[in-house]
Amino acid sequence: MELFHSTRSTAIQVTAKQAIRQGIADDGGLFVNDALGQTTIDIESLPGKSYQEIALEVLSALLPDFTSEELQECIDGAYGDNFTDDAITPLKAMGMNYVLELFHGPTSAFKDVALQILPRFMAHTTAPEPTSQEDITDRVLILTATSGDTGKAALEGFADVNSTGIVVFYPAGQVSEVQRLQMVTQKGSNVGVVAVRGNFDDAQSAVKNIFGDHTLAVQLATESATRLSSANSINVGRLVPQVVYYFAAYAQLLFTQEINFGDEVDFIVPTGNFGDILAGYYAKRLGLPVGKLEVASDKNNVLYDFLTTGVYDRNREFFTTISPSMDILISSNLERMLYYFSDGNTALISQLMNDLATTGRYEVPAEIMEKIRSVFDCSWADEDQVREAIAECWNENGYVIDPHTACGYHALSTTEGTPTAPRVVLSTASPYKFPRAVLEALGQEAPESDFACMDALQQFSGMKIPENLRSLENQSPRFTDEIDVADMPEYVKTMAARFAE
Ligand SMILES: *Cc1c(COP(=O)(O)O)cnc(C)c1O
């Protein structure tokens, strides 16, 4: 069986289950599998199959040490009534193009697709044979840095899961009001939510440092029998469920005969941490006829600059925008992409990531960039363009999109020449998570409260508010802590001890 190892070294090989349990490799790299694409999916057999059936085929190819029965159990639990659409990720025609709605899960963002199943994967993993003191653990504490949507989706997925705790760090004042309320009202006895004074990158870097802190790991093991893991898309168990909907979208296009078997389809993906779009690349490796994958960025356009120049440089101004979940300057999953496009050159990846850590920038050799550009396109939208895209989509299609999806929609109109393949924009969140920004973009007066904005948007558009969002108004906040980045390790220890009681 093909094993997983770090993007930075092949020395330690682990199973998919271990990789999921651990989250991130000990050397700070991300888990990858050199067999990616050796098993391909029989695409001709997909049309007419349910999302759940497609999920079983795709996940079997990507997580080889899970049995079919185990995967079936995970899938059945993850993709049922908790999604408000039977198709789980329905595809909607939008003029000449398509929108793939990924926001029908319990928290109304695409993160649910992965975070409803990740806890179920974890439940099938067991602690490895202890080889040192820090391995003697029977509890897992999930640490999650969020730019807005991962936090709530992870809380919803892990709340009240046995032997598991979860702590979410969000950047104070840099998530939407609805996103904040979703998190601070979370129920469950094993959850913690805390605002961090800093931006998402600060929080994500601090979490990565905590994962690499050996002394802390030993303390957590000896004092609370707890080992840390990650629900961010650095966890391979978070990434692979997202591969499924690329196949599901293609199957829907085949089923309605909008394409013929073998036709290429382009996907436009609103991008932050590069997890969603990387899943599209995994789909391509598994044999899906993916044409171009277009990275759609907001004003934090570090990926656009990288793809056009070959230089990744995070030394730049950070913008807080109306698409907060994409306000990211360090896109973690780029590391996996670079691994595959450098043909598994772990020495190069280590060097680049070391450059990033020490200087905030790295440069990728031209021949590798050429290969990357043969698959990935890029575009970005400033905030005015995001607002215009929301208005334009409404005017042309009578369909409301959120500010993240709008970055993708913007890309439709900026592509030069006639597109050669059907184009699917991934819609990553419900517009009702950002009702104020959306209402204003549509030229409407925005009332003072975000709930009044939701009601006004429903009145205006006729699109129904998801119940999980509307009902937030009547729930009391449970979490009010705000801490400095430097205090995060101490906070983790306190929470681990509390959950272990
Ligand atoms: C997380 C998120 C993104 C970015 O996805 P990545 O996998 O981090 O690239 C885009 N839009 C929304 C609404 C999100 O929540």
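Counting convention: from 1, in listed order, for ligands and their atoms alike. Count residues from 1 along the sequence. Only a predicted model underlies this, so the values are computations on that prediction, with no experimental measurement involved.
Under a 4.0 Å criterion applied to the non-hydrogen atoms of Ala429, ligand 1 contributes the atoms 13 (C). Taking every non-hydrogen atom of Thr271 and a distance limit under 4.0 Å, the qualifying atoms of ligand 1 come out as 9 (O). Heavy-atom proximity to Lys111, at under 4.0 Å, picks out these atoms of ligand 1: 1 (C), 2 (C), 3 (C), 14 (C), 15 (O). Here is the list of ligand 1 atoms found below 4.0 Å of a heavy atom in Gly275: 6 (P), 7 (O), 9 (O). Distances below 4.0 Å separate heavy atoms of Asp149 from the following atoms of ligand 1: 12 (C), 13 (C), 14 (C), 15 (O). Close contacts between ligand 1 and His404 involve ligand atoms 11 (N), 12 (C), 13 (C) [criterion: under 4.0 Å to a heavy atom].
With Glu482 contributing its side chain and Val196 its backbone, the two residues share no donor-acceptor pair below 3.5 Å. Put simply, the side chain of Asp327 gets close to the backbone of Thr321: a donor and an acceptor are under 3.5 Å apart.
In terms of polar-atom proximity, Ser233 is not counted as a contact of ligand 1, lacking any N or O under 3.5 Å from an N or O of the ligand. Looking at ligand 1, you won't find any N or O of Asp402 less than 3.5 Å from one of its N or O atoms. Checked against a 3.5 angstrom limit, the closest N/O atoms of Ala109 and ligand 1 fall outside it. In terms of polar-atom proximity, defined here as any N/O pair under 3.5 Å, Phe274 does make such a contact with ligand 1. For ligand 1, the polar-atom distance check against Thr150 finds no nitrogen or oxygen pair separated by under 3.5 Å.
For the 3.5 Å distance criterion, the side chains of Gln179 and Lys433 fail to qualify, holding no donor opposite an acceptor. For the 3.5 Å distance criterion, the side chains of Asn273 and Asn333 fail to qualify, holding no donor opposite an acceptor. Side-chain contact, Asp34 with Tyr339: a donor N or O sits under 3.5 Å from an acceptor N or O. For Asp85 and Tyr51, the side-chain atoms include no donor-acceptor pair closer than 3.5 Å.
For atom 7 (O) of ligand 1, the nearest protein heavy atom (residue, atom name, distance) is Asp276 N, 2.9 Å. Counting protein heavy atoms only, atom 4 (C) of ligand 1 is closest to Gly272 N, 3.4 Å. Ranking the protein heavy atoms by distance from atom 11 (N) of ligand 1 puts Thr428 OG1, 2.9 Å first. At the top of the distance list for atom 6 (P) of ligand 1, counting protein heavy atoms only, stands Asn273 N, 3.5 Å.
Aromatic ring centres of Tyr79 and Phe83: separated by under 6.0 Å.
Contact annotation for Met326 and ligand 1: only side-chain heavy atoms (C-beta onward) come within less than 4.0 Å of the ligand.
In this structure, Lys92 forms no cation-pi arrangement with Tyr399, as its terminal cationic atom is not both closer than 6.0 Å to the ring centre and no more than 45° off the ring axis. Taking the ring axis of Phe319 as reference, the NZ or CZ atom of Lys299 stays within 45° of it and closer than 6.0 Å to the ring centre.
The pair Arg436-Asp450 meets the salt-bridge criterion, with a side-chain N (NZ, NE, NH1 or NH2) lying under 4.0 Å from an Asp/Glu carboxylate O.
Using a 4.0 Å heavy-atom cutoff, Phe110 is listed among the residues neighbouring ligand 1.
Using cut-offs of 30° and 60° on the angle between ring planes, the pair Trp394 and Phe460 is tilted.
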